[in-house]
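Have a look at the structure below before the remarks.
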Amino acid sequence: MQKNGPLALAFNALVITFMLAPLLVVCIVAFTPHNTLTLPTTEFSLRWFKAVFEHSDFVQSFWNSLWLALASATLATVLAVPAGIAITRYEFAGRGFLNGLFLSPLIIPHLVLGVALLRLFALLGGTGSFGWLVFAHALIVTPYTLRLVVAALVGFDRSAEYAALSLGASQATVFTRITLPMILPGVTGGWLLAFINSFDEVTMSIFVTSPSTVTLPVRMYMYATESIDPLMAAVSALMVALTACAMVILDRVYGLDRVLVGRK
């Protein structure tokens, strides 16, 4: 294989720096002891991180986002596993339509989805309900789980399944003891990606949340419209750290190269 030359390496370094610089600046600003958004030069302080945990609205919004992400990622996985099996293993009318329907939230702007879901929930009387909010988030994160489940099922060696069936095992036993353990890395990776995207979702959530179900990204948006101080930087730094931890777990469990590049 050919190695990258100096020019390609320099270009890659510039791209990475361009992408990471804003995150690094925000994280550094979060440690400022001052009342304004300034880079700390002489001393660092955890003052604004302490302020985050003392701000009851942010704490409550964090728990809302956490439970919402857990519920929506789990619901998306429950939907994606049987859908992935059906799409990859069976030929039936509407197979392509079903696949496109599950993946359509990837191409529809979340602003449009938010307005449409707000109208739908109003008609159904579910505006402000946490259950409907879980449904909305599951809708937009299911494609991430489905793609990894499908990737795990493509090229799946079914000889072990056929052997178990020939020995009298039921379909349920084959699935729980053979199929699911073999595709578990894809399922787990899909669940983690769904969790990350649900936790960070803001555009659609603005339309479907209520005062009692405001998520952390929405709370940050609302706070930023009134004032911008180092408290926002501290919350952002905590979210970056949480997302980074989730990505590390995803890399350890499934492998980022398999998720983002598709390597076996």
Side-chain angles (χ1 to χ4, degrees), residues 55-87 92-150 187 190-228 232 235-236 238-239 242-243 246:
H55 201 299
S56 59
D57 288 340
F58 277 105
V59 174
Q60 182 60 45
S61 296
F62 167 79
W63 287 115
N64 288 341
S65 290
L66 180 63
W67 295 124
L68 176 61
L70 288 172
S72 59
T74 302
L75 178 58
T77 304
V78 171
L79 295 174
V81 171
I85 293 175
I87 291 172
F92 55 90
R95 174 186 172 188
F97 172 78
L98 180 64
N99 187 36
L101 180 65
F102 274 104
L103 298 180
S104 59
L106 290 175
I107 61 175
I108 300 177
H110 288 190
L111 178 64
V112 176
L113 283 175
V115 175
L117 289 173
L118 175 62
R119 178 58 178 165
L120 175 64
F121 294 166
L123 292 175
L124 297 177
T127 305
S129 170
F130 185 80
W132 286 107
L133 185 60
V134 171
F135 170 79
H137 274 238
L139 176 68
I140 62 173
V141 301
T142 296
Y144 301 99
T145 306
L146 179 63
R147 292 316 300 166
L148 289 188
V149 171
V150 170
V187 175
W191 186 92
L192 282 172
L193 277 183
F195 176 89
I196 293 171
N197 282 275
S198 175
F199 192 91
D200 290 340
E201 168 59 33
V202 60
T203 306
M204 183 200 67
S205 299
I206 292 176
F207 293 92
V208 294
T209 55
S210 67
S212 61
T213 60
V214 173
T215 61
L216 184 58
V218 175
R219 180 69 65 187
M220 294 173 63
Y221 173 79
M222 295 168 58
Y223 188 87
T225 59
E226 300 174 357
S227 62
I228 298 180
M232 290 295 299
V235 177
S236 300
L238 290 173
M239 290 192 66
L242 180 63
T243 303

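Numbers here are sequence positions counted from 1.
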Taking all heavy atoms of [X] and all of [Y], pick out the closest pair and write down the distance.
{"X": "Leu117", "Y": "Ala136", "result": "CD1-CB, 3.6 Å"}
{"X": "Pro105", "Y": "Leu139", "result": "CG-O, 3.2 Å"}
{"X": "Leu106", "Y": "Pro143", "result": "CG-CB, 3.5 Å"}
{"X": "Leu68", "Y": "Ser198", "result": "O-OG, 4.0 Å"}
{"X": "Ser205", "Y": "His137", "result": "OG-NE2, 2.8 Å"}
{"X": "Ala138", "Y": "Ala76", "result": "O-CB, 4.2 Å"}

In Å, rounded to the nearest 0.5 Å, how long is the span from [atom1] of [X] to [atom2] of [Y]?
{"X": "Leu75", "Y": "Phe135", "atom1": "CG", "atom2": "CZ", "answer": "8.5 Å"}
{"X": "Thr203", "Y": "Ile140", "atom1": "OG1", "atom2": "CD1", "answer": "8.5 Å"}
{"X": "Ser65", "Y": "Phe58", "atom1": "OG", "atom2": "CZ", "answer": "11.0 Å"}
{"X": "Leu216", "Y": "Leu66", "atom1": "CG", "atom2": "CG", "answer": "10.5 Å"}
{"X": "Ile206", "Y": "Met222", "atom1": "CD1", "atom2": "CE", "answer": "9.5 Å"}
{"X": "Leu70", "Y": "Thr74", "atom1": "CG", "atom2": "OG1", "answer": "6.5 Å"}

Parallel, tilted or perpendicular, judged at 30° and 60°: which one describes the rings of Phe121 and Trp132? tilted
Kindly assign one of parallel, tilted or perpendicular to the pair Trp191 and Phe195, based on the angle between their ring planes and the thresholds 30° and 60°. parallel
Student check: side-chain heavy atoms of [X] and [Y] closer than 4.5 Å:
{"X": "Val214", "Y": "Gln60", "value": "no"}
{"X": "Met204", "Y": "Leu111", "value": "no"}
{"X": "Arg219", "Y": "Phe62", "value": "no"}
{"X": "Thr243", "Y": "Asp200", "value": "yes"}
{"X": "Leu98", "Y": "Phe92", "value": "yes"}
{"X": "His110", "Y": "Leu113", "value": "yes"}

Looking at residues at least two apart in the chain, or sitting in another chain, which of them share a side-chain hydrogen bond (donor to acceptor under 3.5 Å, both in side chains) with Thr225? none
Test your reading of the model: is there a side-chain donor-acceptor pair from Thr213 to the backbone of Thr209, 3.5 Å cut-off? no
Assess whether atom OH of Tyr221 is packed by more than 12 heavy atoms of other residues, nucleotides or ligands within 6.0 Å. no
When you look at CZ of Arg95, are more than 12 heavy atoms from neighbouring residues, nucleotides or ligands closer to it than 6.0 Å? yes
Contacts satisfying side-chain hydrogen bond (donor to acceptor under 3.5 Å, both in side chains) that involve residues 75-85 (not counting sequence neighbours) are none
Go through the steps for Val187 and Val149 under the test side chain to side chain contact (heavy atoms under 4.5 Å, CB included), then give the verdict. CA-CA 6 Å; Val187 175; Val149 171; 4.1 Å; yes
Under a 3.5 Å cutoff, is there a donor and acceptor pairing between the side chains of Thr215 and Ser61? no
So Asn197 and Glu201, side-chain hydrogen bond (donor to acceptor under 3.5 Å, both in side chains) or not? Walk me through it. CA-CA 6 Å; Asn197 282 275; Glu201 168 59 33; over 6 Å; no
